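Sending over a structure as structure tokens; questions will come in a sec.
Since the structure is predicted, the reported quantities are computational estimates derived from the model, not experimental observations. Numbers here simply count residues along the sequence, with the first being 1.
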Amino acid sequence: MATSRAALAAIILALLPSAGAFYLPGVAPRKYVQGEQLMVKANTLTSNLTPLQFDYYNIPFCEPKNGERALPENLGEVLAGERTETSAYQFHTNVSRLCKTACRRSWTPRQVDEYRDFAAAHFRANMRLDNLPGAELVVYRDQSGHEFVSYRLGYSLAEPSDKNASNFYVNNHLRFTIRYHDVQTKGTRLQEIEEPGALIVGFEVKAMSIDHQFEGKWNDACVKKNTCELFTCDPNTGPEPTAPKLVLKTHQKMDVVFTYDVLWVHSDVKWASRWDVYLQMQWQDDEIHWFSIVNSSVILLFLSGMVAMIMLRILRKDLYRYNQLDQSEEAREEAREETGWKLVYGDVFRPPKGASLLAVFIGSGVQVLGMSCCTISFAVLGFLSPSNRGSLLLVMILFFVFMGFPAGYVSAIFCKMFKGAGTDRLKNTLLTATLFPGVVFLIFFGLNLMIWGDQGTGAVPFGTLVALLLFWFALSLPLVFLGSFLGFRRDTIEPPVRTNAIPRQIPEQIWYMRSVPSVLMGGVLPFGVVFVELFFILSSIWQH
């Protein structure tokens, strides 16, 4: 026995060197060699005060030599309002530079006023490098005075010059800090298949305001030659600490010189852990989440207690009624037959009004539930990496489309159970395929028109709308018809008890026991349990 175990262990160890690993699409590390030029991507302008996003070049920033160029995006990025374009900032692997001039822009009075409006609304400019979003290092202080070091996505467009935030300084100098991790394959088994290089594990941005001063007349040719001489920014030591800040002068023309620093800093952070700082940067939400947990627990206890009180009240009422009766077995048996389950069992499984519509809602619920479970499962297994931007929305749409098959199947089963063989099958199938998606699409289209009117980047282009309609009618609709066809072929589900031919008369109810008040009272409490977490979910989707 021991010999066979030793042989099995030897075989396993012999197979280990030949085992290979793989990376999921969009999450494979990218190594950069010394001096290699990197692409810095300009993202959108975002603010915590509004879910609207705007194009990076809505503000007259520096543009690349050949003009800004939109980069390809997947369906999920477009639906999330992501717009990625090239930028004027030039990075080279492991090459640090100070006070490099990006450009000099002349702003018209209208552009100055628009910039002030963006700054007053706390908009931040977002950039990406190697799929890592640029983040600003911020020091927070809680109520007890403890300081926390965290990150905020993007960098602020301006800083207020007074407490009332009525005047601003233009943030025209950016300091990029790129943290990298060296990959040395010498002496390892990876040297045969990989080359040494630098893995980018951090991308920090710090914005500051400098009123740049220069001698003589400005010449744009110095930007390409990297020969611009500024009194307020030295290429060897960096920005002057005593340099004045650039005041944003509203209603008048301004000339703005944009400069930037590039610092490469070695880091011991592994490439697989480079997203940890982004996942932990919202430390303020912890207290709110605790409030959400306590709020949900209190409401659940209240609901449980209320249901328990109702059940105890009914039980005590029945017990009191039984105790008031004669002690004969016939009287007790008669009382049991007139109360509780035996009073309504013949009407419980009677098809309700609008049974066909109820079957459609059940099928749509199965479709949404299946989409949610599959998406969460894929996210838990690690298939939805944050570096593969837009993958969450794209996967949700795909799963919703493919869940059309179980939606049609379940809807057909319940429709057949409620209505019997005389059901309008075509109507049920069409409603299952179009009712819920149609309502969602109309709301989405209306919101898209409003965002388009505000010139936000969240407006979905016409081509993307056509692609969504193709997903709907070319994939989801046939799957719903297939599921409905199989569902109607299945035998009808029979209820466990026989339904009475004549419905029992229901006595007149008190106003709060009628349909509308009952629905409202029954829906408000569950909504109170989830509304705080729902806020965080929607904020994560809309405001990243």
**Asked** What pairs with R175 under salt bridge (charged side-chain N to carboxylate O under 4.0 Å, His left out), at least two apart in sequence or on another chain?
**Response**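 Expected list: D261.
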**Item:** Note, C99 side chain near T259 side chain (heavy atom, < 4.5 Å)
**Value:** no
**Request:** Compare all side-chain heavy atoms of Y32 with those of F91 and state whether any distance is below 4.5 angstrom.
**Result:**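 No. Closest side-chain heavy atoms not under 4.5 Å.
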**Message:** My understanding is that only residues two or more places apart in sequence, or in another chain, count here; which of them pass salt bridge (charged side-chain N to carboxylate O under 4.0 Å, His left out) with K245?
**Reply:**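 With sequence neighbours excluded, K245 shows a salt bridge (charged side-chain N to carboxylate O under 4.0 Å, His left out) to E159, given in chain and number order.
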**Request:** Ignoring hydrogens and angles, tell me if any N or O in the side chain of Q367 forms a donor-acceptor pair with the backbone of P406 under 3.5 Å.
**Result:** no
**Item:** V40 side chain near M127 side chain, heavy-atom distance below 4.5 Å
**Value:** yes
**Message:** To the closest 0.5 Å, what do you measure between CG (D113) and CD (Q252)?
**Reply:**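 One gets 9.5 Å once the value is rounded to the nearest 0.5 Å.
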**Asked** Under 30°, 30 to 60°, or over 60°: which ring-plane class applies to Y115 and W107, parallel, tilted or perpendicular?
**Response** tilted
**Complete:** When every non-hydrogen atom of Y180 is compared with those of W264, the smallest separation belongs to CD2-CE3, 3.7 Å
**Asked** Mind checking whether Y260 and F176 have parallel, tilted or perpendicular rings, split at 30° and 60°?
**Response**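 Judged by the thresholds at 30° and 60°, the geometry between Y260 and F176 is perpendicular.
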**Request:** Have a look at C233 and tell me which of E240, K100, H173 forms a side-chain contact (heavy atoms from CB on, under 4.5 Å) with it.
**Result:**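 Looking at E240, K100, H173, the match for C233 under the side-chain contact (heavy atoms from CB on, under 4.5 Å) is H173.
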**Request:** Check F168 against A158 and note the closest heavy-atom contact, atom names and distance.
**Result:**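 Closest approach of F168 to A158: CB-CB, 3.9 Å.
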**Request:** Can you measure from CG (N131) to CD1 (I200) and round to the nearest 0.5 angstrom?
**Result:** 10.5 Å
**Message:** Within this structure, what is the OG1-CZ distance for the pair T232 and F214, rounded to the nearest 0.5 Å?
**Reply:**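 Reported value, rounded in 0.5 Å steps: 10.0 Å.
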**Message:** Testing the basics here: between G154 and E136, what is the closest heavy-atom pair and its distance to 0.1 Å?
**Reply:**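 Heavy-atom minimum between the residues: O-CB, 3.5 Å.
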**Any side-chain heavy-atom pair of K253 and V112 under 4.5 Å** = no
**Item:** Nearest heavy atoms of F258 and P60, plus distance in Å
**Value:**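 Minimum heavy-atom separation between F258 and P60: CE1-O, 4.2 Å.
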**Item:** Heavy-atom closest pair, residues I210 and A243
**Value:**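 Residues I210 and A243, closest heavy atoms: CG2-CB, 4.0 Å.
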**Request:** Examine distances only and state if a side-chain atom of T101 and a backbone atom of V223 form a donor-acceptor pair shorter than 3.5 Å.
**Result:**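 Side chain of T101 to backbone of V223, a donor-acceptor pair under 3.5 Å: no, none is there.
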**Message:** Quick check for you: to the nearest 0.5 Å, what is the distance between L230 atom CG and C222 atom SG?
**Reply:** 7.5 Å
**Item:** Residues forming a salt bridge (charged side-chain N to carboxylate O under 4.0 Å, His left out) with D255, sequence neighbours excluded
**Value:**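 Salt bridge (charged side-chain N to carboxylate O under 4.0 Å, His left out) list for D255, sorted by chain: R104.
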Output side-chain donor-acceptor pairs under 3.5 Å for residues 430-445, partner residues at least two apart or in another chain, one line each.
unit_1: T432; atom_1: OG1; unit_2: S411; atom_2: OG; d: 2.9
unit_1: T432; atom_1: OG1; unit_2: N428; atom_2: O; d: 2.8
unit_1: T434; atom_1: OG1; unit_2: L430; atom_2: O; d: 2.5

**Item:** P235 side chain reached by L98 side chain, heavy atoms, under 4.5 Å
**Value:**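 No; the side chains remain at least 4.5 Å from each other.
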**Request:** Working to the nearest 0.5 Å, report the span between CG of L248 and CE of M254.
**Result:** 5.5 Å
**Item:** Contact check, side chains of C228 and W218, non-hydrogen atoms, under 4.5 Å
**Value:** yes
**Item:** Heavy-atom closest contact (Q111 atom, S106 atom, distance)
**Value:** OE1-O, 3.8 Å
**Item:** Contacts of type salt bridge (charged side-chain N to carboxylate O under 4.0 Å, His left out), residue R30, not counting sequence neighbours
**Value:** E36
**Prompt:** Does V95 reach the side chain of V262, with side-chain heavy atoms less than 4.5 Å apart?
**Reply:**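 Side chain of V95 against side chain of V262, heavy atoms only: no contact under 4.5 Å found.
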**Request:** For residues P133 and N126, determine if any side-chain heavy atom of one lies less than 4.5 Å from a side-chain heavy atom of the other.
**Result:**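 SC-SC contact between P133 and N126 ruled out.
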**Request:** Return each pair, listed once, that meets salt bridge (charged side-chain N to carboxylate O under 4.0 Å, His left out) where at least one residue sits in residues 206-232; pairs must be two or more places apart or across chains.
**Result:**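 Counting only pairs at least two positions apart or across chains, no salt bridge (charged side-chain N to carboxylate O under 4.0 Å, His left out) contact touches residues 206-232.
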**Request:** Would you give the length of the straight line joining atom CZ of R83 to atom CG of D55, rounded to the nearest 0.5 angstrom?
**Result:** 8.5 Å
**Message:** When you measure from the side chain of S209 to the backbone of V170, do you find a donor-acceptor pair of N or O atoms at a distance under 3.5 Å?
**Reply:** yes
